[in-house]
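For reference, the structure is listed below as structure tokens.
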Amino acid sequence: PSFSVTLAMGHSLGEITAAAWAGAMDHEAGLDLMVARGALGDDLTAARPGAMVAVNRWDRDQVERLRARVLAQGPADGVLDVAVVNSPTQIVLSGDATLVEAATEAANDQGAVARKLPIGGAYHSSLMAPSVDAFAARAGAAVSDEPRVPVLSSTSQQLMTTPGAIADGVTASLTRAVDWPATVEAAVAFGVTAAVEAGPGDTLRRLARFAPGLVFTAP
């Protein structure tokens, strides 16, 4: 079947996929950019170990209170940021590995369900800041074409309609938090009523139950 697509959007790393699908870069350039992103994360976490944890069953206020307690008990330069809001009750923290471990233990002890993510790095946190300039250069070279459709940023919820805006957006995503419910709400506000999840899994379709205004289907 054919679909009339208004915009492309992706969750976190999937924003590069969305940009490639929209025609802003070719697929090989998109893969190279993903590899570069992962390599930068590996380099940074080798110098200062970082990690991420998904906290389930708690809302944003509860997670913020947990974050404040852990930071207060850690070193003065410790980093523990809200990295991803997947749903009203699944929020990801990212930062120094020791603080992520402390947050995981505290959340589980206090009734949440917290699971560390199998990711080597503290993405969507300020620990990624040293990689921004290098990644910006790679993104600027990779995103070379005008997109066929706008790409909706999962961090700013703004439409990215030019190569420069898309390169800036995927670069900003290194340190800026993803807010998926807000992104879905923005898509609905722009007039989108149905979405096709292009990946092999069903994560976005499962998260869509928190956003009934937008129906996700398999390709």
Side-chain angles (χ1 to χ4, degrees), residues 1-27 29-34 36-38 52 54 60 81-88 90-92 94 123-125 128 132 135-136 138-219:
S2 60
F3 297 89
S4 177
V5 179
T6 302
L7 54 83
M9 61 184 185
H11 184 292
S12 186
L13 183 65
E15 204 156 278
I16 297 175
T17 305
W21 185 90
M25 69 182 94
D26 64 42
H27 292 176
L31 287 172
D32 287 346
L33 193 58
M34 288 183 174
R37 186 180 187 269
M52 303 178 75
R60 179 69 178 264
D81 295 336
V82 171
V84 183
V85 179
N86 280 324
S87 77
Q90 185 184 85
I91 296 164
V92 178
S94 178
Y123 293 95
H124 305 297
S125 83
M128 294 296 296
V132 165
F135 190 78
R138 296 292 295 267
V143 184
S144 57
D145 298 317
E146 294 290 332
R148 295 188 305 269
V149 296
V151 179
L152 179 60
S153 169
S154 62
T155 58
S156 70
Q157 289 75 54
Q158 299 297 309
L159 290 179
M160 301 181 291
T161 60
T162 66
I166 292 171
D168 290 346
V170 297
T171 299
S173 180
L174 288 175
T175 57
R176 189 179 289 166
V178 169
D179 190 330
W180 190 245
T183 302
V184 173
E185 288 178 9
V188 173
F190 284 121
V192 177
T193 58
V196 178
E197 183 169 17
D202 64 349
T203 299
L204 302 186
R205 273 173 280 157
R206 287 188 285 108
L207 291 177
R209 69 183 185 274
F210 298 104
L214 185 59
V215 177
F216 279 77
T217 61

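Values reported hereafter were calculated over all heavy atoms of this structure, with side chains retained and with hydrogens, waters and symmetry mates removed.
In this structure, CG in Asp81 is found 10.0 Å from CE in Met52, a value given to the nearest 0.5 Å. Rounded to the nearest 0.5 angstrom, Glu197 CD and Arg206 CZ are separated by 8.5 Å. Here the CG-CD distance, from Leu33 to Glu15, works out to 11.0 Å after rounding to the nearest 0.5 Å. Separating the CG atom in Leu7 from the CG atom in Leu152 is a distance of 5.5 Å, to the nearest 0.5 Å. Taking OG from Ser153 and CE from Met160, the interatomic distance works out to 5.0 Å, rounded to the nearest 0.5 Å.
In terms of heavy-atom proximity, Pro150 sits nearest to Leu159 at CB-CD2, 4.0 Å. The two residues Arg148 and Gly23 have their closest heavy-atom pair at NH1-CA, 3.7 Å. Ala8 and Trp21 get closest at one heavy-atom pair: CB-CE3, 4.0 Å. Between Thr217 and Arg205, the closest heavy-atom pair is C-CD, 3.8 Å. In terms of heavy-atom proximity, His27 sits nearest to Ala20 at CD2-CB, 4.1 Å. Residues Thr193 and Leu214 come closest through the heavy atom pair C-CD1, 3.4 Å.
Under a 3.5 Å cut-off, the side chain of Asp26 and the backbone N or O of Ala29 do form a donor-acceptor pair.
A heavy-atom distance below 4.5 Å is found between the side chains of Glu146 and Pro163. Within the 4.5 Å cutoff, side-chain heavy atoms of Pro147 are placed close to those of Ile166.
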Given the rule in the side chain to side chain contact (heavy atoms under 4.5 Å, CB included) test, do His124 and Val92 qualify, once you have shown the distances and angles that lead to the verdict? CA-CA 10 Å; His124 305 297; Val92 178; over 6 Å; no
Donor-acceptor contacts, no H, no angles, side chain residues 167-184, under 3.5 Å, sequence neighbours left out:
| from | atom 1 | to | atom 2 | distance (Å) |
| --- | --- | --- | --- | --- |
| Thr171 | OG1 | Ala167 | O | 2.8 |
| Asp179 | OD1 | Ala182 | N | 3.1 |
| Thr183 | OG1 | Ser154 | O | 3.4 |
| Thr183 | OG1 | Gln157 | NE2 | 3.1 |
| Thr183 | OG1 | Asp179 | O | 2.7 |

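Residue His11 is tested with Thr203, Asn86, Thr17 for a side-chain contact (heavy atoms from CB on, under 4.5 Å); the sole match is Asn86.
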